[in-house]
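Please read the structure below before turning to the comments.
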Amino acid sequence: MKITKVKGIYDILGKEAEIFSLIEETFFRLTKHFGYKRVFLPILEKEELFVRSVGDSTDIVEKEMYTFLDKGKRKVALRPEGTAGAVRAYIENQVFLSESYTKWSYFGEMFRYENPQAGRRRQFYQAGCEYFNAPSPLADGEVIYLAYRILKELNVNAKLYINSIGCDKCRGPYKTLLIDYLKSKEDKLCSDCQKRLKRNPLRVLDCKNPVCKDIIDEAPNILDHLCECCKLHFEQLKEILDILKVPYKIDPFLVRGLDYYTKTVFEFKVDSLGAQNTVLAGGRYDKLIKELGGPDIPALGFAMGVDRVALCMKEAIKDTRHGVILLPLDEKLLPYAVKAFKLLSESTSILEQIKEDIDTKKFNLVLKLMKDEKLRDFLVAVRDRIELPNKISKIRKMFSLADKKNFAYALIIGEEEASKNLITVKNLDTGNQFQLSLNMFEG
RNA sequence: GUGGGCGUAGCUCAGCUGGUUAGAGCGAGGGACUGUGGAUCCCUAGGUCGCCGGUUCAAGUCCGGUCGCCCACCCCA
């Protein structure tokens, strides 16, 4: 009996893995650029954390969490999202005592028990960041700009939608207004919306049913009912986005599924992905830290759906030639090939030394490198990747392998080379080759 | 949780209204080609036809169930 993977949980290999790495690398480069520090947070948390933060009437908590009792009979859950755990860690470690503000970034797997479909998996990856103690709309602008830059850098063509859903002062009165309106049309709403009306009336606003859409168009608009503070905050945010030249659309019907959001919410959507087209989303959660037992500290953040972004980047990785492979012509030449392998691999530190420390023992090599473009390109390729073959076979075979594995250079290690302490370097793109003495790498 | 479509070689797929040893292309390994890759030609390996049960003289093909995949709903990144 063959053991297979669990439904909705996937191995990430090959091209998809390369794209994941590229996303991760880009994400951390840009978050670091804007002052975020990477943190590593638990995948397993107490179930109660998510019930209290995400909201006990959300679908995530009601039916999508992987929960179980551990051997100590603790009710635990695999994290369905990242913010709750980050906030818990922020409070538990009392980070607010030693830092005036805190910016965290993370990348990791999340779990939700849903039926899989395009852009939806039971184990999926999010790259997210959280910005604690950030009351000003400057923070909203900066966070959205960061998200915008990441997607831009990854060549993901997404449109930004923003909204404000107010704070506890203005959302309450608006909610009753909305409920009153929807109740007057209740018989016309779809059955889902009739249920939403009772459990989470704001969610009626993003129903896709055309009949509901017409009703929603006439519904009271939250933006007309914000308190002065929220209104000003939203106005300032729009101004900041304009200065940053981040294009956006205001969507007064944009509400997020998680309970903890206040004021600013935003989503980046693509149109190439089918039904699951939100690739990045986030917002402000000014009350969450307090609700989870911490001080009254405003914060905001976002999460990017890595699997979804990767789907948009199918063509992003092209097979370019890179690196070098050593081709010993027969078994006898193995020791010489291994020696060359070590010398070349270690020589690449020279490339760094050129920048910092020209006064080196390997001055001659450095001088040569500065003049010899061919040699420099070759060593750059060596630094990128250097491999020995998986087995020694006919030269023809090994060249074919070098080609298929997309090496930029093949190094021929033969009797003649070994006797003169050199290697023959063949550029697999141009077909040109030259010989290189190993003497200069020694000592 | 609900609905629709689909499961045949590593991948993409043929396989007629059930009929005997289940095919192709690509990929993989080897050879033609003894120090030079991409091209061409030849050879080889790789399958309990997703799994279990049923109908039948006979099932990859029909029926039921189950698991998985894809798509959508719900919902979300």
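Convention: sequence-line order gives letters A, B, ...; per-chain numbering from 1. Side-chain atoms are counted along with the backbone in the values below, which use heavy atoms only and exclude waters and symmetry mates.
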Look at [X] and [N] and indicate whether a side-chain polar atom (N or O) is within less than 4.0 Å of OP1 or OP2.
{"X": "A:Y10", "N": "B:C70", "result": "yes"}
{"X": "A:Q117", "N": "B:C73", "result": "yes"}
{"X": "A:R396", "N": "B:C33", "result": "no"}
{"X": "A:K405", "N": "B:G38", "result": "no"}
{"X": "A:K394", "N": "B:A32", "result": "yes"}

Using a 4.0 Å heavy-atom cut-off across all strands, classify [X] as base, sugar-phosphate, or nothing.
{"X": "A:I395", "answer": "sugar-phosphate"}
{"X": "A:D59", "answer": "sugar-phosphate"}
{"X": "A:E267", "answer": "nothing"}
{"X": "A:G14", "answer": "nothing"}
{"X": "A:G431", "answer": "base"}
{"X": "A:A281", "answer": "sugar-phosphate"}
{"X": "A:E417", "answer": "base"}
{"X": "A:K404", "answer": "sugar-phosphate"}

(request) Check whether the side chain of A:K426 and the base of B:G37 form a donor-acceptor pair under 3.5 Å. (result) yes
(message) For a quick check, tell me whether the side chain of A:Q276 and the base of B:C75 share a donor-acceptor pair closer than 3.5 Å.
(response) yes
(request) Provide the distance between the two P atoms, one in B:A45 and one in B:C63, to the nearest whole Å. (result) 35 Å
Base-pairing assignment for [N] (Watson-Crick or G-U wobble, both under 3.5 Å):
{"N": "B:C73", "result": "B:G1"}
{"N": "B:U66", "result": "B:G50"}
{"N": "B:A22", "result": "none"}

Expected list for residues 268-283 of chain A: side-chain donor-acceptor pairs under 3.5 angstrom, two or more places apart:
{"residue": "A:D271", "atom": "OD2", "partner": "A:K159", "partner atom": "NZ", "Å": "3.4"}
{"residue": "A:Q276", "atom": "OE1", "partner": "A:Q117", "partner atom": "NE2", "Å": "2.7"}
{"residue": "A:T278", "atom": "OG1", "partner": "A:E267", "partner atom": "OE1", "Å": "3.4"}

(message) Tell me whether the NZ or CZ atom of A:K374 lies within the 45° cone about the ring axis of A:F434 and under 6.0 Å from its centre.
(response) yes
(request) Using the ring of A:Y10 (Phe, Tyr or Trp, six-membered ring only), decide whether A:R121 places NZ or CZ under 6.0 Å from its centre and within 45 degrees of its axis. (result) yes
(request) Before accepting this row, confirm whether a basic side-chain N of the pair A:E218/A:K185 lies closer than 4.0 Å to the acidic partner's carboxylate O. (result) no
(request) Mind listing the closest non-hydrogen atom pair of A:R284 and A:A139 along with its distance? (result) NH2-CB, 4.1 Å
(request) Among B:C73, B:G35, B:C69, find the nucleotide with the atom closest to the side chain of A:A275. (result) B:C73
(request) For A:P116 and for A:L280, find the nucleotide of RNA chain B with the closest heavy atom, then tell me which residue's nucleotide is more 5'. (result) A:P116
(request) Find which nucleotide of RNA chain B each of A:Q433 and A:M304 is nearest to by heavy atoms, and output the residue with the more 5' nucleotide. (result) A:Q433
(request) Have a look at A:F107 and tell me which of A:Q126, A:R38, A:M304 forms a side-chain contact (heavy atoms from CB on, under 4.5 Å) with it. (result) A:R38
